[in-house]
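Please read the structure below before turning to the comments.
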Amino acid sequence: MSKILRGTLLLTGASFLSKFLGMIYVIPFYDLVGETGGTLFSFAYAPYSIFISLSTVGIPLAVSKFVSKYNSLGDYESSMRMFKAGSTLMLGTGFVAFLIMFLSADWIAQFQIQGEDTDVTASDVAFVIRMVSIALIVIPSISIVRGFFQGHESMGPTAVSQIVEQIVRIAFILVGAFVILHVMGGSVVTAVGFSTFAAFIGALASCVVLAIYWKKRKPYLDLQVSRQRYTYNLQMSDLLKELFRYAGPFVLVGLAIPLYQFIDQFTFQPAMRASGREDIWVVAYSVINMYGHKIVIIPMTIATGLSLAMLPSLTQSFTQKNEQMYTKQINQSLQIILVLVIPASLGIAILADEAYGALFDMDNLSLTGSLLAWYAPIALLFALFTVTSGILQGIDEQNYAVLSLVAGILAKILLNSQLIQMFGAKGAIFGTALASGIAVILNFWRIKTALAFKFKQTIKRTMLIGIFALIMAIVVWILKAIMGIFLPYGEERWAAVVMLVIGAGGGGSVYLVLAYSSTLLERIFGGRIPLVGRFLGR
């Protein structure tokens with residue numbers, strides 16, 4: 001198995017587990033704090049995600065690219081000097097970001113919420129923003145250590161630290177919320193505030209894991225530096241110039257989803273209020289940007305792991321002008337996304353009512369299930385944007401990735417309020433689809449023109465994936481029709497759980513059989529996948 005695929009599977013597995021835990025915990029979290037708590041929680045995390053990206057200014061991923069480049073040239077000393085300089089920078093920017101977010105919490109909240117007669121008030125939002133801002137002191141330093149290890153094509157530290165961070169964070173969220181609500185008799189606002197503070201606790205746990213890895217790997221890193229024969233001996237000013245040339249584009253590209261959500265935060269409640277739908281805005285927002293989002297984001301997790309694992313190897317191939325290798329890597333990256341995300345997002349759309357009802361609440365499925373169904377296909381656009389942006393960064397076209405994102409963001413800003421007033425809550429989803437779709441199309445166009453790249457192979461395999469996904473969808477619809485005779489899955493939660501398991505299991509199995517038997521998986525992944533073969537008994 002190739003190094004890129006091993007790294008991809010490791011990071012993807014860790015990211016998937018992290019995101020899966022992130023979805024599972026919201027089930028008991030929903031039972032504790034409901035839609036109001038979920039909406040309040042998401043109002044804290046969107047600006048927090050933006051401040052993380054701004055505080056790191058793209059340095060961690062830029063360090064990954066820088067380290068990979070100079071390691072491939074045998075200059076380990078420059079890589080180590082860059083890491084040290086970046087670490088000092090991250091300590092400073094993290095603390096500054098914390099101060100800005102903490103002190104501007106009231107100002108941010110007042111622009112997002114109009115009126116006082118609403119379930120979520122501006123003062124509530126300001127409180128949770130302050131609580132989550134504390135994590136900014138630690139997160140940037142963690143990110144740069146992960147980026148350094150990834151530049152060495154070592155994905156283990158990132159994978160393990162992510163999982164440990166998530167487990168500790170979730171434990172603090174659930175235990176803290178339960179104690180505040182059911183032991184101390186506190187309010188939902190207080191419980192959600194301390195739940196957002198869990199980001200800081202999880203970050204501390206991640207620090208411990210990375211420190212252990214660093215202590216273990218440090219002798220080997222020092223040995224690399226001592227044995228090298230040549231160094232470019234770059235001046236610190238030249239090091240920082242190159243770093244920021246890489247880093248700038250990473251800032252905005254990493255902000256894509258948080259920016260879409262942040263635009264929703266400023267436009268959703270006012271637009272729903274203006275169109276006479278204020279009575280449902282809290283429930284609808286919690287589906288789009290909290291509970292439903294947790295479900296939809298799982299299929300695109302592969303994109304995050306793939307993009308991070310692909311970048312060092314793609315950068316190395318491009319630097320060495322190995323056209324055959326980087327062409328293969330780009331095709332493989334895109335096709336892995338398509339073969340996994342297309343059926344997953346389609347399955348979520350078909351089973352949206354059952355998924356939301358089984359995981360959260362059977363009430364008001366005409367709204368919540370419908371929104372989840374509309375939102376599910378956006379996972380494919382998110383995944384494609386993440387990977388195409390990673391490709392552009394790997395071939396030194398990172399500035400164009402920024403232009404494509406800005407074009408999409410402008411479309412979302414200009415049209416979001418109008419779309420919400422025209423279509424209700426679905427309008428926010430349409431705005432996100434339009435924004436991410438524009439960015440994806442522009443990224444594809446740039447990859448094609450910059451490399452004279454031909455997508456013929458990817459298009460052919462996408463057509464085959466589409467056929468298999470359509471067959472899978474028909475199977476799921478048939479299963480729903482048959483099981484509807486015996487199961488009241490539109491009314492009872494237990495029945496929704498059973499239908500979800502049967503539908504996802506049956507449809508997923510059919511898709512796997514078709515993809516495996518046709519050798520589609522073998523061609524995309526570069527070899528047979530024994531785990532799938534054993535699962536299918538082949």
Side-chain angles (χ1 to χ4, degrees), residues 1 5 8-9 12-13 15-17 19-21 23-24 27 294-303 305-306 332 335-359 369 372-373 375-377 379-380 383 460-490 492-538:
M1 188 180 293
L5 191 52
T8 296
L9 293 177
T12 298
S15 297
F16 179 83
L17 179 57
K19 289 293 191 297
F20 183 73
L21 292 172
M23 185 200 76
I24 292 299
I27 300 173
K294 292 288 187 181
I295 299 173
V296 170
I297 213 74
I298 287 181
M300 71 144 292
T301 301
I302 179 73
L306 179 60
Q332 187 179 46
Q335 291 167 26
I336 288 174
I337 292 300
L338 295 166
V339 78
L340 297 177
V341 179
I342 287 177
S345 57
L346 180 59
I348 291 173
I350 297 172
L351 294 167
D353 286 355
E354 292 74 27
Y356 200 90
L359 297 175
L372 178 57
Y375 195 31
L380 180 60
K460 283 184 176 180
R461 291 180 180 171
T462 301
M463 293 173 64
L464 187 59
I465 291 167
I467 293 171
F468 291 163
L470 180 60
I471 295 172
M472 177 203 76
I474 293 171
V475 170
V476 175
W477 277 318
I478 292 173
L479 287 173
K480 287 184 67 174
I482 294 173
M483 299 308 297
I485 301 173
F486 310 101
L487 291 173
Y489 57 78
E492 300 290 339
R493 189 171 184 178
W494 68 266
V497 172
V498 174
M499 185 65 247
L500 179 62
V501 172
I502 293 174
S509 297
V510 167
Y511 180 81
L512 270 180
V513 168
L514 292 171
Y516 188 84
S517 301
S518 65
T519 71
L520 176 65
L521 293 181
E522 181 180 346
R523 294 174 185 275
I524 290 177
F525 285 92
R528 286 199 171 269
I529 306 175
L531 182 63
V532 176
R534 286 196 295 270
F535 174 75
L536 298 176
R538 302 188 178 191

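The chain is numbered in sequence order, starting from 1.
- Annotation for Ala496 and Gly357: closest pair CB-C, 4.5 Å, computed over non-hydrogen atoms.
- How far CE of Met463 is from CZ of Phe468: 12.0 Å, rounded to the nearest 0.5 Å.
- A heavy-atom distance below 4.5 Å is not found between the side chains of Leu338 and Arg461.
- Residues passing the ring-ring contact (aromatic ring centres under 6.0 Å, His included) test with Tyr375, sequence neighbours excluded: His293.
- Taking every heavy atom of both residues into account, Tyr489 and Met483 meet most closely at CE2-C, 4.1 Å.
- Here the straight-line distance linking atom CD1 of Ile24 with atom CG of Leu359 works out to 6.5 Å at 0.5 Å rounding.
- Side-chain N or O atoms of Tyr511 include none that pairs as donor or acceptor with a backbone N or O of Ala344 at under 3.5 Å.
- Separating the CD1 atom in Ile524 from the OG1 atom in Thr519 is a distance of 9.5 Å, to the nearest 0.5 Å.
- Between the NZ atom in Lys294 and the CG atom in Leu372 there is a gap of 14.5 Å [rounded to 0.5 Å].
- Side-chain atoms of Ser518 come within 3.5 Å of backbone atoms of Ala515 as a donor-acceptor pair (strictly under, hydrogens ignored).
- Between Leu479 and Gly503, the shortest heavy-atom distance links the atoms CD1-CA, 4.4 Å.
- To the nearest 0.5 angstrom, Leu17 atom CG is 10.5 Å from Ile298 atom CD1.
- Rounding to the nearest 0.5 Å places CD1 of Ile502 at 12.5 Å from NZ of Lys480.
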Using residues 345-353 as the side-chain source, report each donor-acceptor pair under 3.5 Å to any protein atom, sequence neighbours left out, with the distance given to one decimal.
{"residue": "Ser345", "atom": "OG", "partner": "Val341", "partner atom": "O", "Å": "2.9"}
{"residue": "Ser345", "atom": "OG", "partner": "Ile342", "partner atom": "O", "Å": "3.2"}

